[in-house]
J.: 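Structure provided below as structure tokens; questions to follow.
Naming: A, B, ... by sequence-line order, numbering from 1 per chain. None of the values given here were measured: they were computed from a predicted structure.
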Protein chains: 2
Amino acid sequence: MEPKNLLKRRVLRDDVAEYLMESILKGELNPGDKIIESKLARELSISQGAVREAIRDLIAQGVLETEPYKGTRIRTLSKEQLNDYYDVRTEIEALAVRWSIIKHQSKYLDLNFLKSCVDSMKYCVDNNDSKNMRKHDMAFHLAIVQAAHSESLEKAWNSLGNYYWTYIAVYYDHAASLLQAQVVKHRTMYDAIATADINAYANCVRGHYFDTNQLFPEKGNN
Amino acid sequence: MEPKNLLKRRVLRDDVAEYLMESILKGELNPGDKIIESKLARELSISQGAVREAIRDLIAQGVLETEPYKGTRIRTLSKEQLNDYYDVRTEIEALAVRWSIIKHQSKYLDLNFLKSCVDSMKYCVDNNDSKNMRKHDMAFHLAIVQAAHSESLEKAWNSLGNYYWTYIAVYYDHAASLLQAQVVKHRTMYDAIATADINAYANCVRGHYFDTNQLFPEKGNN
DNA sequence: AATTCATTAAATGTTAAAAATTTTCGCAAA
DNA sequence: TTTGCGAAAATTTTTAACATTTAATGAATT
């Protein structure tokens with residue numbers, strides 16, 4: 001047995017970061033919006049320092065962006081940047097599948113869990129619960145990345161701000177038909193992994209482009 | 001013309017982070033060593049808050065690691081972790097070369113600069129200047145990653161803490177013969193890129209393992 | 001009308017000190 | 001010798017106040 005840290009101590013910055021993420025995911029905060037340290041600190045009845053630390057962490061996760069003395073904003077990506085993001089994420093996940101199969105003989109690949117994720121996604125779509133749908137979506141992809149059993153690969157993947165962007169994409173475009181298509185696509189991914197067909201997985205996961213013009217209609221600056 | 005930020009404002013945390021990196025690179029701080037905020041703050045005659053922010057940034061870059069209320073240490077990697085790190089880095093750089101050639105027709109690939117990096121590396125090796133040798137080494141690899149013209153890919157690459165680990169590997173093993181071999185290897189990489197031979201590059205850059213048992217001899221805890 | 005320049009308010013960066021937690025160390029008991 | 005307890009010291013976390021910078025406003029000037 002590995003002596004893992006079962007219970008991690010939580011510090012204030014973790015709560016703030018979580019609160020911010022929730023606000024974003026609930027749509028209360030949108031890409032481009034400014035985050036004012038002092039205001040947020042007052043709102044949560046804590047000090048400015050804790051907020052600053054949370055902000056710094058979210059910047060590292062690719063969710064926020066900042067410039068000295070200018071303030072912090074929720075990161076916005078142009079359509080080119082968003083497609084670039086998906087390209088990189090796709091390559092990393094494809095690599096994860098390859099390694100999980102080739103390097104570790106699928107030792108860390110929990111097919112049952114992956115299947116349950118897809119099933120849950122379908123359930124959520126049928127019940128129009130797009131929020132939880134995204135959670136299962138993320139769980140699916142995270143499980144794949146972790147199956148590669150590579151700390152560095154997981155680090156690289158996390159630096160992309162997946163949790164955020166995966167949500168954003170759906171937030172702006174939650175047509176039921178598209179969600180259904182997502183489920184189908186994930187089922188295909190699952191099949192590819194289950195049969196250890198690395199090429200099939202790569203092909204499936206690639207070419208996953210959004211009509212980002214539709215996602216981010218041009219609008220005035222704040 | 002793109003309205004880029006030519007001059008970025010510097011804040012204290014940047015100076016602190018730089019100071020810490022220098023200390024590490026000079027060998028004054030070693031993997032596993034603890035960093036005490038209050039002591040460092042006194043040493044630099046600044047407040048503890050600024051140190052904390054710098055630490056948070058270096059954690060994101062994979063250089064430091066921390067646990068709530070327990071403090072911060074310079075990250076140590078087991079030999080398995082170090083090899084894993086190189087595996088991931090290698091894949092990302094190979095991908096960068098592929099994209100720089102296929103997606104952008106080598107538009108952002110500055111062959112002259114790459115060549116100058118290799119030449120500088122050779123010069124440093126001949127003059128036994130391993131420190132600057134590493135700088136040119138890093139410049140070489142960074143240029144390759146940037147040639148892919150992918151913001152997300154560069155982000156992922158940066159999250160690995162390359163600057164730090166590249167140095168560490170050499171710090172512990174600076175046999176001249178090994179440095180010479182490094183130059184040869186980089187020349188081979190350059191040739192592969194110059195002739196747009198993606199496979200050759202991938203083959204060359206792969207299998208770049210260190211004898212990490214030698215690099216990190218077992219020793220007692222601090 | 002457009003531009004420059006002081007003034008001012010708001011936000012970020014920085015410092016310093018209090019509060020909370022962990023670590024250390026002495027000492028008694030098994 | 002080892003183990004366990006408790007107080008003191010060291011360190012991290014959190015707070016609160018202060019300093020600096022930016023952005024906006026408006027008067028003065030060209």
J.: In chain order, what residues pass the ring pair (Phe, Tyr, Trp, His ring centres under 6.0 Å) check against His149(B), with sequence neighbours excluded?
T.: His104(B), Tyr108(B)

J.: What range of DNA chain D does chain B touch, first nucleotide to last, counting atoms under 4.0 Å from its heavy atoms?
T.: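 So the contact region on DNA chain D extends dT11(D) to dT22(D).
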
J.: Can you measure from CD1 (Ile24(B)) to CD1 (Ile35(B)) and round to the nearest 0.5 angstrom?
T.: 6.0 Å

J.: Heavy atoms only, 4.0 Å cut-off, all strands: where does Lys70(A) land among base, sugar-phosphate and nothing?
T.: sugar-phosphate

J.: Identify, with sequence neighbours excluded, every residue that meets ring pair (Phe, Tyr, Trp, His ring centres under 6.0 Å) alongside Tyr190(A).
T.: none

J.: Could you list the residues that satisfy side chain to side chain contact (heavy atoms under 4.5 Å, CB included) with Leu44(B), not counting sequence neighbours?
T.: Val16(B), Tyr19(B), Leu40(B), Ile46(B)

J.: Distances under 3.5 Å between protein N/O atoms and the N/O atoms of nucleotides 6-9 of chain C, please, pair by pair.
T.:
none

J.: Determine whether the side chains of Tyr123(A) and Asp129(A) contain a donor N or O and an acceptor N or O closer than 3.5 Å.
T.: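 Checked: Tyr123(A)/Asp129(A) side chains show no N/O donor-acceptor pair below 3.5 Å.
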
J.: Quick one: are the ring centres of His186(A) and His141(A) less than 6.0 Å apart?
T.: yes

J.: Can you tell me how far the OG atom of Ser116(B) sits from the CE atom of Met121(B), to the nearest 0.5 Å?
T.: 11.5 Å

J.: Passes side-chain contact (heavy atoms from CB on, under 4.5 Å), Arg75(A) versus Leu64(A)? Steps please.
T.: CA-CA 5 Å; Arg75(A) 192 153 161 238; Leu64(A) 305 180; 5.9 Å; no

J.: Once you build an axis from the first five pairs and another from the last five of the helix from dA1(C)-dT30(D) to dA30(C)-dT1(D), how far apart in angle are they, to 10 degrees?
T.: 20°

J.: Identify whether any heavy atom of Glu37(B) sits under 4.0 Å from a base atom; if not, whether one sits that close to sugar-phosphate; answer base, sugar-phosphate or nothing.
T.: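 Base contact.
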
